[in-house]
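Right, one structure below, let's go through it.
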Amino acid sequence: MERSQSMSIIIKEILAEQTREIRQTVLRQGLPAATTIFKGDELETTFHLGAFEKNKLVGIATYLFKNKSAIQELFSDEKFMYQLRGMAVMENEQGKGIGKKLVEFAECRLKEDQIDVLWFHARTSAVPFYEKQGYQTVGEELDLEPAGPHFKMYKEL
């Protein structure tokens, strides 16, 4: 599956291995490379998206099926849920709308797959970005090692 999101940014599915360099550079700087391998990366229900500018990978995101999630208690009926993990855009590419395009692409795909909710732990500094995309926080700030302070966020699709 490949869709053009703008003149210069292409969002498409990638392999788990392709996410690791950007995970290391943006999310796990100074930590062992093993921290860039997420539990569930290789599951059939997991998908990874890459944002390409002029054929160069500049942003990534991973989506994991998590039907028994930490936010199920917010809903009176059972929802089908995915968790976003490890979204990152190279620092010199930030502010160009790449993260927004990754989220929009995933939301479209998840809606097509009849997924009800997308949730995640957002770094505290990223909360305003996600709020602009229609996500809301749940509960208090969490300290998730090794990444630091986060808020749980979600959106019904």
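Being a predicted model, the structure only gives us computed values, none of them experimental. In this chain, residues are counted from 1 in sequence order.
In this structure, Ser8 OG and Ile98 CD1 are separated by 7.5 Å, a value rounded to the nearest 0.5 Å. Between the NZ atom in Lys66 and the CD1 atom in Ile115 there is a gap of 14.0 Å [rounded to 0.5 Å]. In this structure, CD on Glu112 lies 10.5 Å from CD on Gln114, to the nearest 0.5 angstrom.
In this structure, His121 and Gln83 have side chains that are in contact, with non-hydrogen atoms separated by less than 4.5 Å. Residues Thr36 and Thr19 have side chains not in contact (no heavy-atom distance under 4.5 Å, counting atoms from C-beta outward). You'll find the side chain of Lys12 stays beyond 4.5 Å of the side chain of Leu49, heavy atoms only. Contact check for Asp41 versus Arg20: side-chain heavy atoms found under the 4.5 Å cut-off. Taking 4.5 Å as the limit, some side-chain heavy atom of Leu84 sits within range of a side-chain heavy atom of Tyr130. Annotation: side chain of Phe38 is not in contact with side chain of Leu64 (no heavy-atom distance under 4.5 Å). The shortest side-chain heavy-atom distance between Ile14 and Phe47 does not fall under the 4.5 Å cut-off. Counting heavy atoms from C-beta on, the side chains of Val58 and Phe52 never come closer than 4.5 Å.
Of the possible donor and acceptor atoms, one in the side chain of Thr124 sits under 3.5 Å from a partner among the backbone N and O of Pro149. Using modelled atom types, no side-chain atom of Gln24 and backbone atom of Glu21 make a donor-acceptor pair closer than 3.5 Å.
Screening residues 52-64 for salt bridge (Lys or Arg N to Asp or Glu O under 4.0 Å), with sequence neighbours left out, gives Glu53-Lys96.
The side chain to side chain contact (heavy atoms under 4.5 Å, CB included) check on Lys79 picks up Gln72, Phe75, Asp77, Met81, Asp116, Val117, Glu156, with sequence neighbours excluded. Qualifying side chain to side chain contact (heavy atoms under 4.5 Å, CB included) partners for Lys100, counting only residues two or more places apart in sequence or in other chains: Glu104, Phe129, Gln133. Qualifying side chain to side chain contact (heavy atoms under 4.5 Å, CB included) partners for Ala88, counting only residues two or more places apart in sequence or in other chains: Ile22, Val26, Leu27, Ile60. The ring-ring contact (aromatic ring centres under 6.0 Å, His included) check on Phe65 picks up Tyr82, with sequence neighbours excluded. Residues forming a side chain to side chain donor-acceptor pair (under 3.5 Å) with His48 (at least two apart in sequence, or on another chain): Thr62.
Contact record, Gly134 with Lys155: O-CG, 3.8 Å, taken as the closest heavy-atom pair. Heavy-atom minimum distance, Glu17 versus Glu42: OE2-OE2, 3.1 Å. Nearest heavy atoms, Leu102 versus Gly59: CD1-C, 4.0 Å.
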Where do Tyr154 and Leu74 land on the side-chain contact (heavy atoms from CB on, under 4.5 Å) test, with the steps shown first?
CA-CA 10 Å; Tyr154 79 98; Leu74 297 175; 3.6 Å; yes
Salt bridge (Lys or Arg N to Asp or Glu O under 4.0 Å) for Arg123 and Glu141? Distances and angles first, verdict last.
CA-CA 9 Å; Arg123 290 175 188 244; Glu141 186 177 62; over 6 Å; no
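Aromatic ring centroids of Phe120 and Tyr135 lie under 6.0 Å apart.
A continuous path of ILVMFWY side-chain contacts below 4.5 Å connects Met153 to Phe80, so both sit in one hydrophobic cluster.
The pair Glu140-Lys152 does not meet the salt-bridge criterion, since no charged nitrogen lies less than 4.0 angstrom from a carboxylate oxygen.
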